[in-house]
A.B. asks: 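I have a structure here, written as structure tokens, and I will follow up with some questions on it.
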Amino acid sequence: MDTILVSIHCVTYNHEKYIADAIESFIMQKTDFEFEILIYDDASTDRTPEIIRKYENLYPNLIKPIYQSENQKSKGKVVHLFNYERAIGKYIASCEGDDYWTDPYKLQKQVDFMEQHPDCSLCVHSATVVNSADKKEISKIRPHIGDKYFSVDEVIVGGGGLFATNSMMFPTKFALMRPNFFNYSPVNDYPTMINLSLLGNVYYMDEVMSSYRTNVSGSWTDHMNSSKDFQIKIYQKLNNMLLELNRYTEEKYNTSINTIINNNLFNILLLQKKYKEIKTGEFKERYKKLNKKRKVIIFLQQYFPRTLDFLLKIKRKWRLWKLR
């Protein structure tokens, strides 16, 4: 019990409503090994630092925070590196400050597998998606029924939402291995998943051990849902990252990479309301493969946008009512 085996990696910003849940879920872990809790606060303007300090005082040997006085993400810094560079555990387990773990044996289960399978470069598991206000379950992040090894192609095609970020555990030695394609990405989790799949085997445990909060104000999902321009920029940057990935891998995964690039281009055209383009040329076959529901939505977007907005508002109200 003397050697720290896992470094818990937590980045937080203005998560005063949620950070206590995250920390409590770290503290409750039952293991036969030592772990450390690395919390990086990127100059929160709410009570997040105050809450972290309270836990730091209670667990001074366990919780190791960084309190920034100026927001580093806004300066273009990769904030994850602040924790990666100081991690002393053999493995890193990730969890954002607005998410939390639900299984007290999560770390133990993943470490047991990683120790028995040194060729495993990423271990993940299923998670619930919960409403930010009351933790009511909305859906699950469950990419497969049953445990499974995922190939590089499956990770690329699956996108950043294939696995819950708060389910990720990987060897610390890989944390700072960041090929050039990382520099083109607007996000950290998707290129990290891809890179780790290139470095070894990706193993998925079909067991819910964490929860991902949605509808968090100011979150990535919040920005994606509120701004079409923001979405378009993200898709464009992701395509730049994928093009660089294709060069880096010498086009070994060219088919999978181009599949996602074309999907992103298709989504950009939809956001730009270029309906003629998505039904002709290189996107014609992709449009034909859409299910009926998706085609109806596109039809409404094109010819009856107000009706679609009205229906979406009713759907949102219905969801909120169900969550009460």
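Both backbone and side-chain heavy atoms feed into the values below; hydrogens, waters and symmetry mates do not.
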A.B. asks: Check Glu207 with Lys109, please: is the shortest side-chain N to carboxylate O separation under 4.0 Å?
C.D. replies: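 A salt bridge is present here (some side-chain N lies under 4.0 Å from a carboxylate O).
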
A.B. asks: Output the distance between atom OG (Ser121) and atom CE (Met177), rounded to the nearest 0.5 Å.
C.D. replies: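 Result: 11.0 Å between the selected atoms.
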
A.B. asks: How about Glu250: does its CD atom have over 12 heavy atoms from other parts shown lying under 6.0 Å from it?
C.D. replies: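 12 or below, so no.
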
A.B. asks: Just wondering, do Asn246 and Thr249 contact through their side chains at under 4.5 Å, heavy atoms?
C.D. replies: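 Result yes, sub-4.5 Å side-chain heavy-atom pair found.
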
A.B. asks: Could you report the tightest heavy-atom contact between Met169 and Ala93, atom names first, then the distance?
C.D. replies: CE-CB, 4.1 Å

A.B. asks: Whether Asp46 and Lys17 form a salt bridge (side-chain N of Lys/Arg under 4.0 Å from carboxylate O of Asp/Glu) is what I want to check.
C.D. replies: no

A.B. asks: Counting only heavy atoms from other residues, nucleotides and ligands, does the tally under 6.0 Å from CZ of Phe82 exceed 12?
C.D. replies: yes

A.B. asks: Among Tyr190, Tyr248, Tyr253, which residue meets the ring-ring contact (aromatic ring centres under 6.0 Å, His included) test with Phe181?
C.D. replies: Tyr248

A.B. asks: Any donor-acceptor pair under 3.5 Å linking the side-chain atoms of Asn14 with those of Thr45?
C.D. replies: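 A pair is found: one side chain offers a donor N or O, the other an acceptor, under 3.5 Å apart.
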
A.B. asks: Considering only heavy atoms from C-beta outward, does the side chain of Arg286 approach that of Asn262 to under 4.5 Å?
C.D. replies: no

A.B. asks: State, without any angle test, whether Ser7 and Glu36 hold a side-chain donor-acceptor pair at a distance under 3.5 Å.
C.D. replies: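 Present: a donor and an acceptor within the cut-off.
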
A.B. asks: Mind running side-chain hydrogen bond (donor to acceptor under 3.5 Å, both in side chains) on Gln302 and Lys276 for me, showing each step along the way?
C.D. replies: CA-CA 10 Å; Gln302 184 173 3; Lys276 181 180 178 180; over 6 Å; no

A.B. asks: For Ile145, does the CD1 atom have more than 12 heavy-atom neighbours from other residues, nucleotides or ligands under 6.0 Å away?
C.D. replies: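 For Ile145, atom CD1 is not crowded (no more than 12 foreign heavy atoms under 6.0 Å).
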
A.B. asks: Assess the side chains of Glu244 and Asn240: does a donor N or O sit below 3.5 Å from an acceptor N or O?
C.D. replies: no

A.B. asks: Going by atom types alone, do Lys73 and Gln68 pair a side-chain donor with an acceptor below 3.5 Å?
C.D. replies: no

A.B. asks: Hey, are Arg53 and Glu50 close enough for a salt bridge, meaning a charged N less than 4.0 Å from a carboxylate O?
C.D. replies: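 Answer for the salt bridge query: no.
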
A.B. asks: Closer than 4.0 angstrom, basic N to acidic O: yes or no for Glu154 and Lys148?
C.D. replies: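 So Glu154 pairs with Lys148 through a salt bridge.
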
A.B. asks: Is there a donor in the side chain of Thr102 and an acceptor in the side chain of Ser210, or the other way round, less than 3.5 Å apart?
C.D. replies: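 Short answer, no.
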
A.B. asks: Counting only heavy atoms not in Tyr149 (residues, nucleotides, ligands), do more than 12 fall under 6.0 Å from its OH?
C.D. replies: yes

A.B. asks: What orientation do Phe163 and Tyr204 show, parallel under 30°, tilted 30 to 60°, or perpendicular over 60°?
C.D. replies: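 Aromatic pair Phe163/Tyr204 classed parallel.
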
A.B. asks: Lys228 and Gln272: side-chain contact (heavy atoms from CB on, under 4.5 Å), yes or no, with the steps?
C.D. replies: CA-CA 8 Å; Lys228 289 184 178 180; Gln272 294 173 334; over 6 Å; no

A.B. asks: Should the ring pair Tyr303 and Phe299 be called parallel, tilted or perpendicular, given that the plane angle runs from 0 to 90° and is split at 30 and 60?
C.D. replies: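 Correct class here is tilted.
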
A.B. asks: Classify the angle between the aromatic ring planes of Tyr84 and Phe170 as parallel (below 30°), tilted (30 to 60°) or perpendicular (above 60°).
C.D. replies: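 Ring orientation, 0 to 90° scale: perpendicular.
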
A.B. asks: Is it the case that Lys289 places NZ or CZ above or below the six-membered ring of Tyr287, under 6.0 angstrom from the centre and within 45 degrees of the axis?
C.D. replies: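 No, cation not above the ring by the 6.0 Å, 45° rule.
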
A.B. asks: Using the side-chain contact (heavy atoms from CB on, under 4.5 Å) rule, take Arg213 and Tyr100 through it: C-alpha gap first, then chi angles, then the decisive distance, then the call.
C.D. replies: CA-CA 8 Å; Arg213 274 193 175 93; Tyr100 57 97; 3.6 Å; yes

A.B. asks: For residues Asn267 and Asn263, is any side-chain donor paired with an opposing acceptor at under 3.5 Å?
C.D. replies: no

A.B. asks: Among Asp189, Ile194, Asn195, Leu196, which residue meets the side-chain contact (heavy atoms from CB on, under 4.5 Å) test with Thr192?
C.D. replies: Leu196

A.B. asks: May I ask you to decide whether Glu137 forms a salt bridge with Lys140, counting only side-chain N to carboxylate O separations under 4.0 Å?
C.D. replies: yes

A.B. asks: Do Gln108 and Asp32 have side-chain atoms, one donor and one acceptor, less than 3.5 Å apart?
C.D. replies: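 Yes, because at least one side-chain N or O of Gln108 sits under 3.5 Å from a partner of the opposite role on Asp32.
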
A.B. asks: Do Tyr40 and Gln72 have a side chain donor and acceptor closer than 3.5 Å?
C.D. replies: no

A.B. asks: May I ask you to say whether Lys64 pairs ionically with Glu56, meaning some side-chain N is under 4.0 Å from a carboxylate O?
C.D. replies: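 No, no charged N to carboxylate O under 4.0 Å.
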
A.B. asks: Determine whether Ile141 and Val129 make a side-chain contact, defined as any pair of heavy atoms from C-beta on separated by less than 4.5 Å.
C.D. replies: yes

